[in-house]
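Everything below concerns the one structure shown next.
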Amino acid sequence: MRALSDRRTRAVRRKAAQEIGVPHLGRIAHGVAPYIDIPQQPLPAKRRAAFEAHLRSIIAESFAKADGTDAQPEPPETDPGYAKRLAEEAPEPTVLNAACIACQGDCCLLGGARHGFLTEETISCQRWKDPGLTPEALAETYLSYLPETSTTGSCVYHGPQGCTLPRPLRADICNSFQCSARRQLADAVARRPGTGAVVAGLSRDHVTDPSAGAAFLRVVSVTAAGDVTVHDHLSLPALRKDLPED
Ligand code: SF4
Ligand code: SF4
């Protein structure tokens with residue numbers, strides 16, 4: 001399936017590269033990512049209430065463990081890679097975001113039923129960084145980052161431009177997880193550093209419509225300087241019969 005996706009999107013990746021002044025794909029990091037196309041909607045009141053209840057519960061759990069608001073909590077016992085976690089909060093190279101912008105957050109769908117993966121450990125991490133935080137300040141901070149609209153059924157922070165929660169406030173997994181498409185793009189960037197990136201987001205079910213122009217595609221480029229372009233006018237080529245069925 002991977003080879004099929006690569007071949008079906010090669011021409012549009014090449015075209016996107018040319019549109020940002022790169023004459024051929026050999027001169028830029030490029031790859032294929034998943035792609036989801038799910039409408040945005042205001043968070044239903046029931047889901048917002050459930051999220052707020054979860055948030056207040058994990059905050060209370062963290063404070064109960066630390067026995068008061070003034071004590072600096074111990075680094076989460078269940079998170080032995082605490083230093084690693086802090087390192088993973090750092091901003092990432094913009095060029096890698098080409099994959100996630102093209103994809104529109106396939107992995108964040110899993111955060112829908114899990115309240116953005118936020119746990120007591122996430123809250124204790126915030127308190128470890130700033131021991132003066134009160135329960136109300138923490139709740140207000142997390143609630144303030146809820147977007148006006150989020151991807152239907154997905155994580156409460158899955159806004160129209162991606163995650164609205166700053167990296168330092170996210171659950172560990174949200175900063176450490178990289179899908180295979182993103183890892184492959186990171187490898188491609190390492191092979192061609194400083195060139196920017198082009199990524200074709202392609203729906204997993206694209207083979208269900210072999211016609212040219214099928215609505216399964218979102219092509220994104222990021223220049224070495226960090227300029228992002230969504231190449232909306234590029235359309236998916238037909239699925240040719242001579243492509244491998246792997
Ligand atoms: S990590 Fe992968 S699945 Fe998640 S948004 Fe980025 S490209 Fe999509
Ligand atoms: S908090 Fe952000 S990164 Fe984590 S699942 Fe939600 S939208 Fe995705």
Side-chain angles (χ1 to χ4, degrees), residues 1-2 5-6 9 13 29-43 47-48 50-52 54-55 58-59 79 85 88-123 125-126 138-139 141-189 197-206 216-222 228 230:
M1 186 60 107
R2 171 89 203 172
S5 303
D6 275 348
T9 60
R13 280 180 278 146
H30 60 96
V32 180
Y35 167 61
I36 58 162
D37 186 16
I38 300 174
Q40 293 275 310
Q41 65 165 190
L43 191 63
R47 283 201 63 208
R48 192 190 190 285
F51 173 73
E52 186 167 344
H54 172 78
L55 177 63
I58 58 176
I59 291 172
D79 187 357
R85 171 197 178 110
E88 285 168 348
E89 289 179 3
E92 294 195 295
T94 311
V95 77
L96 291 184
N97 290 337
C100 301
I101 299 169
C103 165
Q104 301 198 113
D106 185 62
C107 58
C108 295
L109 296 175
L110 295 172
R114 295 173 178 81
H115 302 300
F117 302 102
L118 296 173
T119 64
E120 174 266 320
E121 284 81 13
T122 324
I123 299 301
C125 177
Q126 306 311 316
L138 275 158
T141 298
Y142 276 93
L143 293 174
S144 73
Y145 285 105
L146 288 174
E148 285 189 10
T149 61
S150 55
T151 300
T152 305
S154 186
C155 175
V156 294
Y157 291 108
H158 192 168
Q161 308 297 330
C163 182
T164 56
L165 194 61
R167 289 177 71 83
L169 292 172
R170 294 182 199 170
D172 185 19
I173 192 171
C174 292
N175 289 329
S176 62
F177 175 76
Q178 306 228 32
C179 73
S180 60
R182 193 173 155 113
R183 285 199 306 273
Q184 284 172 6
L185 181 65
D187 290 345
V189 167
V198 172
V199 175
L202 185 66
S203 299
R204 291 198 170 90
D205 57 352
H206 74 98
F216 295 120
L217 180 75
R218 180 173 155 98
V219 185
V220 169
S221 65
V222 177
V228 177
V230 180

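Keep in mind that the numbers below use all heavy atoms, side chains included, and drop hydrogens, waters and symmetry copies. Whatever order the structure lists ligands and atoms in, that order sets their numbers, starting from 1.
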Atom indices of ligand 1, in the order listed, that fall short of 4.0 Å to a heavy atom of C103 = 3 (S), 5 (S), 7 (S), 8 (Fe)

ask   = What are the atoms of ligand 2, with element, lying closer than 4.0 Å to any heavy atom of C174?
value = 1 (S), 3 (S), 4 (Fe), 5 (S)

ask   = For ligand 1, which atoms have a heavy atom of C107 less than 4.0 angstrom away?
value = 1 (S), 3 (S), 4 (Fe), 5 (S)

R167 and E92 ion-paired at < 4.0 Å = yes

ask   = To the nearest 0.1 Å, how far is atom 6 (Fe) of ligand 2 from its closest protein heavy atom, and which atom is that?
value = C155 SG, 2.3 Å

ask   = Which atom names give the shortest non-hydrogen contact between V95 and L185, and what distance separates them?
value = O-CD2, 3.9 Å

Metal site atom 8 (Fe) of ligand 2: N/O/S of C108 inside 2.8 Å = yes

query = At what distance is the nearest protein heavy atom to atom 2 (Fe) of ligand 2, and which residue and atom is it?
reply = C163 SG, 2.3 Å

request  = Kindly say whether the aromatic ring centers of Y157 and F51 come within a distance under 6.0 Å.
outcome  = yes

ask   = Taking 2.8 Å as the cut-off, does an N/O/S atom of C179 lie below it from atom 6 (Fe) of ligand 1?
value = no

query = Can a salt bridge be assigned to the pair R2 and D6 using a cut-off of 4.0 Å between side-chain N and carboxylate O?
reply = yes

key: Electrostatic pair D37:R218 at N-O distance under 4.0 angstrom   = no

remark   = the protein heavy atom lying closest to atom 5 (S) of ligand 1 turns out to be G105 CA, 3.6 Å

note = From the list T164, L55, L143, L43, side-chain contact (heavy atoms from CB on, under 4.5 Å) partner of V156 resolves to L43

ask   = Would you say H158 has an N, O or S atom lying under 2.8 Å from atom 2 (Fe) of ligand 2?
value = no

Verdict with supporting geometry, T151 and Q40, side-chain hydrogen bond (donor to acceptor under 3.5 Å, both in side chains) = CA-CA 4 Å; T151 300; Q40 293 275 310; 2.8 Å; yes

